[in-house]
Number of protein chains: 2
Amino acid sequence: MPPPRKRATVHDIAAAAGVSRGTVSRVLNGGYVSAEARAAIEAAITEVGYVPNTAARTLKMRRSQAVGFVALEPHSLFLDDPNIGAIMLGANAALSLADHQMVSLVVESARDTERVGRYLSGGFVDGAIVVSARTHDPIIKVISDLRLPAAFVGHPPDLDQRIPYVGIDNAGSARAVTERLLATGRRRVGMIAAALDRDSGIDRLAGFRAALGDAFDGDLVAEVPHYDYGSGIKGMRLLLDREPAIDGVFAASDAIAAGALETLREAGRSVPGDVGLVGFDDSTWAVRTQPPLSTVHQPAKQIGTVAAQLILRQLRGEQLDPGGQLLPTPIVWRDSA
Amino acid sequence: MPPPRKRATVHDIAAAAGVSRGTVSRVLNGGYVSAEARAAIEAAITEVGYVPNTAARTLKMRRSQAVGFVALEPHSLFLDDPNIGAIMLGANAALSLADHQMVSLVVESARDTERVGRYLSGGFVDGAIVVSARTHDPIIKVISDLRLPAAFVGHPPDLDQRIPYVGIDNAGSARAVTERLLATGRRRVGMIAAALDRDSGIDRLAGFRAALGDAFDGDLVAEVPHYDYGSGIKGMRLLLDREPAIDGVFAASDAIAAGALETLREAGRSVPGDVGLVGFDDSTWAVRTQPPLSTVHQPAKQIGTVAAQLILRQLRGEQLDPGGQLLPTPIVWRDSA
DNA sequence: TTGTATGCGTTATCAA
DNA sequence: TTGATAACGCATACAA
């Protein structure tokens, strides 16, 4: 077991190779240097076991080559929404190609918010991707004030106009899938609406409402807090209670649909026989339920890729035109409706 | 829209308050400073909109107050193993309490490995939690050579002895749950074994073997690559093929068990009537299948907490005794066996 | 082609 | 109690 030696620096290399620090830096970063000097330096590098100190480089260059991936309220996200994982992987792949390190930061408490704010401000990252921000999220202000290059996944209504975002057309997709459900001949169609403090939740409800037009009946909308399985169970109970003759349901997420399915099973209603059911996300839930769910596909990985590119373009100094980028969401029609 | 002004530094505060940088640093970090100087400096801080540069502080202090969370092969993990999310949240919570920033790093490609290695070496983190390393994973060498304070979740056989780890007793748990399955009177019990390039996979198989003792029959072990649903489907087909009279199955994970359940359903076998089935993980899978799975509970969140504490103790300079810490894994007996 | 000197923004040491 | 000054490790303009 070798002694825990001090980390070697450029200085040490220079000493070992008998040259100046400037020359060492030149072989490290590319520049004019004689063949013999280069050879000596390269030998010295492995000899002293040099590993560059990125923190120092960051300080000097004002560039960390790192991009933050901020996951807000990941508790419910990780547990019930496989999308976040796919978004992360998409973003990482794109950043990796550009030789940037993605560092993902979890925000679960006020304490986290404050600390992550400091982290983002401290020069550790050149930009940030923010997932699932709510209205008035304090992180928005931090990024806004700092003018940190950023990209949002989804767009809270009070988002700074200058910050680009990427997402899907929640309202349009919700409307389309509801219309398709209606086209199967259902007469009493309800919705389990969730996360009404987020744009996604609000917009999916708006799309549902638009699809129904004059036939919209507020009593047939059950509001639940989260996009999760448990909420689906509760929401479906509410709906059955209010309208026993219900024959169609649009669930705001696949997890909710899965919960609803369970409640319907317990209540002795068959799907799609008695009740047609559609979900949203095309997550793993959709293919694991019996019957598999008709749903709206979210291109999660691509969302991550686009968010990363939005950051990289800003880092290159490009001036992006404001506004968002909406990705297509094909409807996947399976057996639940 | 205020002009994009240069970031204010300690120097600017000092100028605005008419004091020296040293005094400013003292109010920032705590030290003797007169009431009036303090007031002037505090006013100046908000006036110039100071936000500390953590990169510079890191360089000076040789401490970043950040800990890396390295997720190896997160693709399969995120998609099929809810445990990783819970481990992350547990670790984050513990680090957050100690005012450390958890930065999680995704390793999916050789390129990622190399870049993450540099990142870990560069002084951006004071330590690292590594999840799901395989034998001979290059990241082990990086950490080992660097003497970076680390904690592993699980332990690859070639893990550096000085690196502490946290995990569960895979072999013991597998043995216990298999014995319990045998106690229900099953005669032909097989296993779907997965991830035999990892300690968890190897140990679960060893536990199964131990439970069967002399009755162990290698033909009744189907080997599949991953802990996922698809592997469960394939593995169960293999087993049914080799031994149509099979009446008990230990699946190496809940996701595998869910896949096996589907195959059994298609084959017209009832669970637990014809075949008793047990899983591993006590993940969300276990309560979503019909019937819900009997399985082994993994205290995922606590695993994350302990890993974080292992790091924090090293950062405090504590000398931990080598070896690992194994957390208890209660058996959760539901309806599938 | 190489060496020297300077600064990135902090904290810490030492006189005053 | 405060102010000057020196690092931390690296990159670079400039001089040689």
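A, B, ... follow the sequence lines: proteins, then strands. Residue 1 opens every chain.
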ask   = A:Leu59 has an atom CG; how far is it from atom C1' of C:dT10, in whole Å?
value = 8 Å

ask   = Can you tell which of D:dC8, C:dA5, C:dG9 lies closest to the side chain of B:Asn53?
value = C:dG9

inquiry  = Without decimals, in angstroms, what is the distance between A:Arg38 CZ and C:dT1 C1'?
reply    = 12 Å

Nearest listed nucleotide, side chain of A:Tyr50, among D:dG3, D:dC10, D:dG9 = D:dC10

query = Nearest nucleotide by nearest heavy atom, which residue falls closer to the 5' end of DNA chain D, B:Ala35 or A:Arg26?
reply = B:Ala35

inquiry  = Does a side-chain N or O of B:Thr54 approach OP1 or OP2 of C:dT10 to a distance below 4.0 Å, or not?
reply    = no

key: Candidate nucleotides D:dC10, D:dA11, C:dT10, ranked by approach to the side chain of A:Met61 - the nearest   = D:dA11

ask   = Whole Å only: how far is the NE2 atom of B:His11 from the P atom of C:dT11?
value = 15 Å

query = Does CD belonging to B:Gln161 count more than 12 external heavy atoms closer than 6.0 Å?
reply = no

Side chains of B:Val10 and B:Asn53 in contact at under 4.5 Å (non-hydrogen atoms) = no

request  = Measure from the side chain of A:Val33, starting at C-beta and using heavy atoms only, and say which of C:dG9, D:dA11, C:dT2 lies closest.
outcome  = C:dT2

ask   = What nucleotide among D:dC10, D:dA6, D:dA4 has an atom nearest to a side-chain atom of B:Lys60?
value = D:dA6

A:Arg21 side chain near C:dT2 phosphate (N/O to OP1/OP2, under 4.0 Å) = no

query = Taking the nucleotide of DNA chain D with the closest heavy atom to each, which residue, B:Tyr32 or B:Ala56, is nearer the 5' end?
reply = B:Tyr32

task = Measure the shortest side-chain to side-chain distance between A:Arg118 and B:Pro52 over non-hydrogen atoms and say whether it is less than 4.5 angstrom.
result = no

key: Aromatic ring pairing B:Tyr165/B:His155, orientation class (parallel under 30°, perpendicular over 60°, tilted between)   = parallel

task = Round to the nearest Å and state the distance from B:Arg7 atom CZ to C:dG9 atom P.
result = 9 Å

ask   = What nucleic acid atoms does B:Thr9 come within less than 4.0 Å of, heavy atoms only: base, sugar-phosphate, or nothing?
value = sugar-phosphate

message = Distance alone, cut at 3.5 Å: any donor-acceptor contact between the side chains of B:Asn92 and B:Ser96?
response = no

key: d(CZ, A:Arg63; C1', C:dG9) in whole Å   = 18 Å

query = For the pair made of CD1 in A:Ile41 and P in C:dT2, what is the distance, rounded to whole Å?
reply = 8 Å

query = What does A:Ala55 touch in the nucleic acid at a heavy-atom separation under 4.0 angstrom: a base, only the sugar-phosphate, or nothing?
reply = nothing

key: Any A:Arg62 side-chain N or O less than 4.0 Å from OP1/OP2 of C:dG9   = yes

ask   = So does A:Thr23 get a side-chain nitrogen or oxygen closer than 4.0 Å to the phosphate oxygens (OP1/OP2) of C:dG3?
value = yes

key: Any B:Arg57 side-chain N or O less than 4.0 Å from OP1/OP2 of C:dT11   = yes

